[in-house]
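Taking it in order: structure first as structure tokens, then the write-up.
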Amino acid sequence: MGIYRQILVRILAVLVVSFGLIYISWRWSSTVAWDAWWISLPLVAAETYSLGESALYAVAMWNARRRPPPPPALPGRSVDVFIATYNEPLDLVLKTAIAARDMEYPHETWILDDGDRAEFATAARRIGVGYITRGPEWDGRQRFAKAGNVNNALSMTTGEFVAIFDADQVPEPRFLDRVLGYFDAEEVAFVQTPQHFWNVPERDPLGSQAELFYGPIQQGKDGWDAAFFCGSNAVLRREALMALGLTRYTRTATEQTWRALRRGRSRLQDLHGELGRRHPAAMIVAEQALEAVARAEHQVRRGDVLAEITFELRIAFHTAALAVPDAMEDVVPELDAVLEAVDVAHTDQALAIHPMDTTTITEDMATAMHLHAMGWGSVYHHEVLVHGLAPEDVSTMLSQRHRWAAGTMQVFFSDNPLFLRGLTVAQRLMYLGTMTSYLNGFAALSYIAAPVVFLVAGTYPLTASPVVFFCLFLPFFISCQLLFQVAGNGSKGLWRGQQWSFALFPTWIAATCSGAAAVFLGKHLAFSVTAKSKQDTGRGFHHVRLQVAAMALLVVSSFIGIARVSSGEAPLYPTLITLAWVVLDLALLSVVIGAARYRGPGDNLVEPMPTPQELTSVLGAPIKPTP
Amino acid sequence: MSMLSHAPNTTSAALKSVDLTITGALDAATVPAIRQATAKAAADGPVLVLLDVAAVTSVGASGVVGVFEVLHLLRSRGGDLRLFGDSSELQETRLQAHLGHVARIYATRQDAVDGGAALVRPRGLAPRFSWRTLFRRRHRSIGWG
């Protein structure tokens, strides 16, 4: 962003916040219709939320950073390139793997196959790349989806740097050369590059090309040293990831041991009761194990070394079990379970330490946030170096957005950036801005409900003179739009982005509820892998039925409102204002029509990375599974 | 995998012990050798691996994570890992400070075999939460020190 544009953005940012504060102060102090509080309060709350989001956007844009070309990559760095796959087809993964293998900077390429498919192992060998799948240590353990897949690969490789690509993200040969230079600065933990999708037509009906995010927004976050890691098209420093895993592990070790001991005591008490009925002679084993647990708890309270406490506990359990040999079958499984949960080496899991965050389904954002909290830096490199595939139908797109939103809200509720030690104020705001953007679903609901209520029932959601309202609202609204356009810096799809932000209100609400349920009720959040091929395209409208219903409601309400004005039941000017509001809502929601009717890209799109000849020969030859 | 059924003995001194030494850097590149040697040693039953770290000249987070993976491997097979030896580099990289309440580096091999017979209370290491520091810019500490 040039200096003049930056100055303009800052002026507009000040105007947005100033006009916004004036407007919202007036709204709260003078216009809340308390006799219709049930619609008036949600509306003013939604407006306050929107002001907050605008302010956070202004803060992000205040410091947008356009980096100069990076220094050349130093020779001699060791790099592992990971291509994460679960259920994607072989040809798609191989195409990415061949492109990754052919990157110019020396490196090792690995296919991380979470689907454990024998033909993938064979194909990987044929094209000369490594193949990693989960070992037996993962059987019956928590797998942690993509984060677990990457952590497993990290434990089996040694490169100083790790480049991560999704299975459908094909890198250019120069990718590593363009980004490795940033790591000359020791504090840089990761470099993120844009995600660009070549299978999206110009009109982008599904809003896939996030040019605003992979542009001004990432540049704004980068300006505050808070560029986001987005899970693919990025290079990370191994030491940073390991340091993060290690720090989290040691910080939580005492608490985890303590919790496991308490749970273990409870299990042993149950076992004791059960043995009383089934095998009274073996009760002594449970009693001695309980004594050992009490001793361990005392040692934890005293601050003894956890590795020694847990080893001593194992010896005590072992001694107790050996004392009554015929009780082994009854007691050993339970004692084992307690020991595994307590052990400081996390023997109840496949890995002792998880460098990538495994507590959420948006492991990328959570990992980046914790790296920033540790003082590591990040870089957003604004150059398209990878060409990927976007969802080609509305169903897949909605599923993908829901996963992003649910995972993000899971982090919001469980690991809120406002309370995470180590982040700067600006970094907290950058993360908060992204997380709270998904609360827009509730605001959108208010913005749809309020005009409907007024047009149908004549209930005023606010009490104000239309003239005063316009005088205070319009400067705020216009300055917001200007800031959005100017800071957007020519990015395509700004209006489309606003449309989807509003129209996806059911997805945002559902995702917020899922995230909250995962954190507060312990519900499982599934990591749904984005489908790489078109899904049930014939049922597009089914997936956006709530938005269509909202549009129908707005249209019917408008007719009712016009009828009420015609019959003199409703005042003219407030009704006209509300109809304008309805038009805006409909314009925003109308994006779902095109999305529901979308049948995928046409044949005129040219693939930027041509299919390598080698792929045909590898796929053409029969692939025998590796023994 | 049963941790109890693997262990035929009730004390660490009675476990079969294997001595390993690491010299130079403890990092991502050197840890695989320790893991391989450990896996080989533990293939036939639980073992106590005694890792001499006196000659370690530098420590990376990857190296420490690798050591924990070795501990994980051994413990899940009924064995244990003990580190011993005086290394000023380890002290300088604050390995002890960071891991002091999780694991211990014993002074001598015999102390490591006895493991925990003479417990000393480690330093209080966990940083305390304070509302006053919530919005203060934190002094940057790159890495895990």
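Note that the structure is predicted; figures quoted are calculated from it, not measured. In what follows, chains carry the letters A, B, and so on, assigned in the order in which the sequence lines appear, proteins first and then strands, with residues in each chain numbered from 1.
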| task | Please tell me if the side chains of B/Phe68 and A/Leu246 come closer than 4.5 Å, counting only heavy atoms from C-beta onward. | result | yes

| Knowing that exactly one of A/Met242, A/Arg238, A/Glu239, A/His354 qualifies, which makes a side-chain contact (heavy atoms from CB on, under 4.5 Å) with B/Val65? | A/Met242

| query | Side chain of A/Arg314, backbone of B/Gly79: donor and acceptor closer than 3.5 Å? | reply | yes

| query | So what's closer than 4.5 Å to chain B heavy atoms on A/Ala240: side chain, backbone, both or neither? | reply | neither

| message | Test your reading of the model: is there a side-chain donor-acceptor pair from B/Arg75 to the backbone of A/Ala307, 3.5 Å cut-off? | response | yes

| message | Please check: side-chain N/O of B/Glu69 versus main-chain N/O of A/Leu351, any donor-acceptor pairing under 3.5 Å? | response | no

| A/Gln349, part contacting chain B, at a heavy-atom distance under 4.5 Å | backbone

| said: Suppose we screen for ring pair (Phe, Tyr, Trp, His ring centres under 6.0 Å). Which residues come up paired with A/Phe190, at least two apart in sequence or across chains? | reply: A/Phe229, A/His372

| Residue selection (most heavy-atom pairs with chain B, distance under 4.5 Å) from A/Ala426, A/Ala352, A/Gly140 | A/Ala352

| query | If you round to the nearest 0.5 Å, how far is CZ of B/Arg77 from OG1 of A/Thr347? | reply | 12.5 Å

| B/Ser62 side, atom OG; A/Arg237 side, atom CZ - distance, nearest 0.5 Å | 11.0 Å

| task | Look at the side chain of B/His72 and the backbone N and O of A/Ile353, then say whether any donor-acceptor pair between them is shorter than 3.5 Å. | result | no

| query | Which bit of A/Ser155 comes within less than 4.5 Å of chain B, counting heavy atoms only: side chain, backbone, both or neither? | reply | both

| field | Closest heavy-atom pair and its distance - A/Thr158, B/Pro32 | value | CG2-CG, 3.6 Å

| field | Proximal component of A/Thr310, with respect to chain B [non-hydrogen, under 4.5 Å] | value | both

| message | If I measure from the heavy atoms of chain B, does A/Ala350 come under 4.5 Å with its side chain, its backbone, both, or neither? | response | backbone

